[in-house]
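Below is one structure, written out as structure tokens; the observations come after it.
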Amino acid sequence: MTKTSWRTLLAVPAVVSLALGGALLSASSASAAPGELVVTSPTAGQTTPTRDVTFSGTAVAGSTIIIHEDDQAGAVIARTNVPANGAWSVDHEYADDAPVQQTAFVDGIVGLSGFDEPKTVAFTLPAAPAQLTVTSPTEGQYLASRTVTVSGTGIPTANIALVPSAGSPVTGILVGADGNWTGNVTFAENVDRAQSITVNQIVGAAGRGSVTVNVNLPATQTLVVETPQDGSTTASRTVTFSGTGTAGSRVSLTGDFPFVQATVGDDDRWSVEVPFADDAATAQSVRLTQVTGGVGTGDVTVAFSLPAVETAPTTPVLDKPVITAPKDGATVTGPDVTFEGTGTPGSNILLVAVPTDQLNARAAAEPADPTDPIVVGADGTWSVTLAVEPGDYTAVAQGFLLDADGEPVVDADGEPVVSDPSDPVEFTVTAAVAPVGTTPAAGSGGAGTAPVATTPTGQLAFTGADLAPAGIAAGLLALIGTALMVVMARRRAHSA
């Protein structure tokens, strides 16, 4: 009998053979059979590069390698046959929700038995991919509002919690079937501008990713514009802008005027006057911005209307008329006398011919009936023909204006706008010699002529306008009559 080692006897206590139908059936215990099992990967305590773990080592050629989860009773996660060279290898990919701490039990079958020394390897998996991203806001972003919309991607059906660095968390945000999620978090007006938002993803009761984003909130808006009010019409083209803001801040005004700034006082009030040019449009829009410590803290636009430009009425200036005919000292054969002269184009001429011996008798006289208006033409000349009785006369002309209704144009004081009177012209009218056998009609004249008052009435013969009311006409005649007397008195004094 062959000598059997005590180890073999202990490991294999018996072999039972039964002849059954000519076949030999053998049964053996789960005893270990000779053959060394070596596990080279993963090594004890190793953190694997990925969750797709490669198990490898060496064993008896033709044997089978079986890998269990945790221990010999655990689920089989991998199996492979050992090739002729004895080097074996098999992969297993752990799920994303598998714990990072793992233990693998490696045994197998060699012949009809297991390996005499199975191996247990403890190792660490890398953290599962969070599958959580935050696409908005971005890191360090300067935000336009203190209510922040946060969005990103995650694991469908997972729960998202937004945790602001100041304020209450926002929960109950679900990741959609397409992997997208969005939510809002609001920061109080009194918190600092530098804040952060932490986004946590939860699947079941386990965290599956956390991302923190730092943001810069907008400064609290404190600018208030009290005047001018939006939609109002200002009382003047010098507009007072005023309101409240943050003490020490700068308020800048941008509009149809040079750049203007105001400083907010310690009482939180500010004010500045802005003059608008006369040619500035009545409809205006001004943007006011406030800057506090280099940060914008207000932006307000006010639309309003300016009053129309008030232009002081200007009194027209009329040229002093000149009587060019008849000449001073001339003798004219009557009864028709043609008066010619120059003046301001478009103005009217008031012509007065006074018997020279009447100049010192009256300062003014009742007007005679006028003829058609005497209007100075575009070339600056005028002309009128009057029927005058024989005698010595002094004539003077004065310019004045009529409006569209035929009324004299008056100045700011209500006085008619007149020119200086012309230099007086003295002339003599002699009777025409009547042809033999004819008797001229008294006071007759050519077309466009008008009779003048006879000397005994003391009236001032004039023409030039249908002046109404009569008081204005009388006033004009008084002016020109007085001017005549002054001029004549000066002439006499000069010739004496």
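For the numbers below, each heavy atom of this structure counts, side chains included, while hydrogens, waters and symmetry mates do not.
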Side chain to side chain, [X] and [Y], heavy atoms closer than 4.5 Å:
| X | Y | value |
| --- | --- | --- |
| Gln195 | Asp192 | yes |
| Trp382 | Thr324 | no |
| Val213 | Gln141 | no |

Parallel under 30°, tilted from 30 to 60°, perpendicular over 60°: which one fits the rings of Phe123 and Tyr94?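 Judged by the thresholds at 30° and 60°, the geometry between Phe123 and Tyr94 is perpendicular.
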Classify the ring geometry of Phe257 against Phe241: parallel below 30°, tilted from 30° to 60°, perpendicular beyond 60°.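 The arrangement is tilted - the two ring planes meet at 30° to 60°.
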Has [X] got a side-chain atom pairing as donor or acceptor with [Y]'s backbone, closer than 3.5 angstrom?
| X | Y | result |
| --- | --- | --- |
| Ser236 | Thr238 | yes |
| Gln284 | Ser305 | no |
| Gln398 | Ser419 | yes |
| Ser165 | Ser196 | yes |
| Glu226 | Ser242 | no |

Under 3.5 Å, is there a donor-acceptor pair between the [X] and [Y] side chains?
| X | Y | value |
| --- | --- | --- |
| Thr381 | Asp379 | yes |
| Ser151 | Thr182 | no |
| Thr133 | Thr153 | yes |
| Gln290 | Thr297 | yes |
| Asn184 | Thr149 | yes |

Could you walk me through whether Thr246 and Trp270 pass side-chain contact (heavy atoms from CB on, under 4.5 Å), step by step? CA-CA 9 Å; Thr246 300; Trp270 59 271; over 6 Å; no
Is any NZ, NE, NH1 or NH2 atom of the basic residue among Arg287 and Asp299 found under 4.0 Å from an Asp or Glu carboxylate oxygen of the other?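 Looking at Arg287 and Asp299, the cut-off is met.
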For Lys320, which of Thr344, Asp423, Asp420 qualifies under side-chain hydrogen bond (donor to acceptor under 3.5 Å, both in side chains)?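 Answer to the side-chain hydrogen bond (donor to acceptor under 3.5 Å, both in side chains) test with Lys320 among Thr344, Asp423, Asp420: Asp423.
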Val199/Ile160 under side-chain contact (heavy atoms from CB on, under 4.5 Å): CA gap, chis, key distance, verdict: CA-CA 7 Å; Val199 182; Ile160 300 295; 3.6 Å; yes
